[in-house]
Amino acid sequence: MIHKDIANMLLEQLNMELHSGYLYMEFANYYESENLPGFAHWYMVQAAEEYDHAMRIRNFLIGSGVKVTLKPIADTIKEYKDAKAPLVEGLKHEQMITASINRIYEKALSMKDYLTAEFLRWFITEQGEEETNAQQNIDKAELAGLSGSGLYMLDREMGARQG
Ligand code: OFO
């Protein structure tokens, strides 16, 4: 059984992961409305990954004897000034998620909860990748430009994301 404080932090993180998926689906909705199906596809794949992150936490909590209850998911921004704006929001969001994971990890270590700390190591590595991907998306958009053939080519590349 894990400590109640750690369980509560993980329940909060579970909600944040679901919110991440909700946010990225909203990005996808925006890109669909802008006729950028490749960007939309990239974020729908990302939304599915976030659901997987949430399920990892849910399963860990259940396996640790914690009763899982779900809270409402926070709302998202729905309008963006251009195709780069969601990418910038995405990086900010991932940095916030990283900070949250790190806080739980530090708390687990301080409470000598090595099982939770070990569980969180996967997320720490994953967050490194998530931030790298988010930054690369911004870099590519800056290189490609936000209109014309550059944007068209980038949209095709984004649409090739496998998983
Ligand atoms: Fe779950 O990694 Fe993004 O938010």
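Numbers here are sequence positions counted from 1. Start at 1 and go down the list; that is how both ligands and their atoms are numbered.
Considering OG1 of T76 and CE of M25, their distance stands at 10.0 Å, rounded to 0.5 Å. Put simply, OH on Y31 and CG on D155 are 9.5 Å apart, with the number rounded to the nearest 0.5 Å.
Taking all heavy atoms of E130, H19, Q13 into account, the minimum distance to atom 2 (O) of ligand 1 is reached by E130.
Atoms of ligand 1 lying under 4.0 Å from at least one heavy atom of H53, given by number and element, are 1 (Fe), 2 (O). Interface of E50 with ligand 1, defined as ligand atoms under 4.0 Å from a residue heavy atom, comprises 1 (Fe), 2 (O), 3 (Fe), 4 (O). Each of the following atoms of ligand 1 lies closer than 4.0 Å to a heavy atom of S20: 4 (O).
Among the backbone and side-chain atoms of E126, no N/O/S atom is found under 2.8 Å from atom 3 (Fe) of ligand 1. Taking 2.8 Å as the threshold, E49 does not count as a candidate ligand of atom 3 (Fe) of ligand 1, since none of its N, O or S atoms lies below it. Here E17 meets the criterion, with an N, O or S atom under 2.8 Å of atom 1 (Fe) of ligand 1.
A salt bridge links E89 with K92: the closest approach of a Lys/Arg side-chain nitrogen to an acidic carboxylate oxygen falls below 4.0 angstrom. Salt bridge status for E126 with R56: absent, with no side-chain N to carboxylate O gap under 4.0 Å.
Between the side chains of N29 and E26, at least one donor N or O lies within less than 3.5 Å of an accepting N or O. E131 and Q127 share no donor-acceptor pair across their side chains, judged by distance under 3.5 Å alone.
Contact between Q127 and ligand 1 is present, with at least one heavy atom of the residue lying under 4.0 Å from the ligand.
Residue contacts with ligand 1 for E94 involve side-chain atoms from C-beta outward but no N, CA, C or O (heavy atoms, distance under 4.0 Å).
Side chain of N15 to main chain of P72: a donor-acceptor pair is present (N/O by atom type, distance under 3.5 Å, no hydrogens or angles).
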